[in-house]
Amino acid sequence: MVNVGIVGSTGRVGTLLIDDLALDQEAKLSACHVFDKLTKSVPEGTVVTNSMKELLNSCDVVIDFSAPTATQSLLEEVIENGGKPLVIATTGFNKHQQNLLIEASKIVPILYATNMSLGVAVLNKLVALASKALREFDCEIVEQHHRYKVDSPSGTALTLAENAAKARDLDLDAVRVSGRDGEIGARTKDEIGVMSLRGGDIVGRHTVGLYNDGEFIELNHTATSRNTFSKGAIKASKWLVNQEPGLYSINDCLGL
Ligand SMILES: NC(=O)C1=CN([C@@H]2O[C@H](COP(=O)(O)OP(=O)(O)OC[C@H]3O[C@@H](n4cnc5c(N)ncnc54)[C@H](OP(=O)(O)O)[C@@H]3O)[C@@H](O)[C@H]2O)C=CC1
Ligand SMILES: O=C(O)C1=N[C@H](C(=O)O)C[C@H](O)C1
């Protein structure tokens, strides 16, 4: 049985993780990190703590769906005192936090995925293929999420854009456009638009469009349930506990 600790246990995905772990045959909840108090009941004996150290000492693997500052504390604890394998799903990291992730992966195995769904893992492959094969087509990405999402563009949209750019030997930072307003001039050849829409309860919808004169392709993934993410992360956690230190992607876990 794999003992799982959760960072972000009071959140939209964190609370689903608690439910999904209660039904799992091979993994169970052993610890929850909280800032104030847990809003859900958890199995007797579950450690509920506001200390990252205690969380890490109370599990075999951590699943993190929280916020960049919380993930940063987790990574700093691992870098300073060692830790356990980490499945990181939080998005919106700055450069410093991305570097901490790389540092910590020299100490423990880390699987980082901006999207834990199988569908998006396959979409990333399709996007790389299409972006390269359709080099002359304009690439534009639109992501749609619920009204509460705090980061933009979504982590998934940025990963899709990175794959599209890499397939064309482009540096995403140099070609990404995430807003258009006013007299901005005509679209440049290599730019990759990554735009956000927020509203209602949309779980997550990503469309990668490749547009040319006379034809276009749109590749779309829509998550209809947040359990897609919690279940994907639990699957990843069971795989990660058997890995050596290093930085892994969801493709490594899924064998894609
Ligand atoms: N990779 C993937 O497949 C997916 C990734 N995500 C990402 O996961 C993250 C969480 O999403 P979601 O569950 O919707 O978000 P919520 O806002 O519902 O939950 C966030 C959780 O993190 C905690 N938290 C928030 N701010 C801080 C802070 N400054 N320090 C410590 N803890 C904090 C919250 O605790 P409290 O309740 O006490 O505020 C809460 O438990 C986001 O970054 C989102 O983009 C989401 C879905 C899928
Ligand atoms: O915040 C969310 O809800 C989601 N965040 C992830 C992202 O930023 O890509 C994944 C998913 O789309 C839901």
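Ligands are counted one by one from 1 in listed order, and the atoms in each one are counted from 1 as well.
- With respect to Ile88, the side chain to side chain contact (heavy atoms under 4.5 Å, CB included) criterion is satisfied by exactly one of Leu74, Ile63, Val62: Leu74.
- With hydrogens left out, the protein atom closest to atom 9 (O) of ligand 2 is Thr156 OG1, 2.5 Å, a heavy atom.
- Side-chain contact between Val78 and Leu86 is present, with heavy atoms from C-beta onward closer than 4.5 Å.
- Ser154 has its side chain out of reach of Thr91: every pair of non-hydrogen atoms, C-beta onward, lies at least 4.5 Å apart.
- Shown in contact with Ser154 at under 4.0 Å from a heavy atom are these atoms of ligand 2, numbered in order with element: 7 (C), 8 (O), 9 (O).
- If you check which protein heavy atom lies closest to atom 3 (O) of ligand 2, you get His146 NE2, 2.8 Å.
- Counting protein heavy atoms only, atom 13 (C) of ligand 2 is closest to His145 NE2, 3.5 Å.
- Taking the six-membered ring for Trp and thresholds of 30 and 60 degrees, His145 and His206 have ring planes more than 60 degrees apart, a perpendicular arrangement.
- Between atom CG of residue Leu158 and atom CG of residue Asn163 there is a gap of 11.5 Å, rounded to the nearest 0.5 Å.
- Ring pair His33/Phe35 is perpendicular by interplanar angle, where above 60° counts as perpendicular and below 30° as parallel.
- Nearest heavy atoms, Ile18 versus Cys32: CD1-SG, 4.3 Å.
- The protein heavy-atom contact nearest to atom 10 (C) of ligand 2 is Thr114 O, 3.4 Å.
- Paired with Tyr248 under the rule side chain to side chain contact (heavy atoms under 4.5 Å, CB included), one option of Leu240, Val87, Ile110 passes, and it is Leu240.
- Residue Phe229 places a heavy atom under 4.0 Å from ligand 2.
- Not a single heavy atom of Arg226 sits closer than 4.0 Å to an atom of ligand 2.
- Using a 4.5 Å heavy-atom cutoff, the side chains of Asp190 and Arg168 are not in contact.
- Note on ligand 2: Val203 sits in its first shell, one or more heavy atoms being nearer than 4.0 Å.
- A side chain to side chain contact (heavy atoms under 4.5 Å, CB included) with Arg198 is found for exactly one of Gln144, Arg147, Lys149, His146, namely Lys149.
- Ligand 1 lies under 4.0 Å from heavy atoms of Gly8, Ser9, Thr10, Gly11, Arg12, Val13, Phe35, Phe65, Ser66, Ala67, Thr69, Ala70, Ala89, Thr90, Thr91, Ala113, Thr114, Asn115, Met116, Lys149, Asp151, Phe229.
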Does the side-chain hydrogen bond (donor to acceptor under 3.5 Å, both in side chains) test come out yes or no for Asn251 and Ser249, once each step is laid out? CA-CA 5 Å; Asn251 289 12; Ser249 73; 4.7 Å; no
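- The shortest N or O to N or O distance between Gly155 and ligand 2 is below 3.5 Å.
- The closest approach between His206 and ligand 2 falls below 4.0 Å for a heavy atom of the residue.
- Side-chain contact of Arg176 with Ser178: a donor-acceptor pair under 3.5 Å is present, judged by distance alone.
- On a distance-only criterion, Lys149 and ligand 2 share at least one N/O pair closer than 3.5 Å.
- Atoms of ligand 2 found under 4.0 Å from any heavy atom of Thr91, numbered from 1 in the order shown, are 7 (C), 8 (O).
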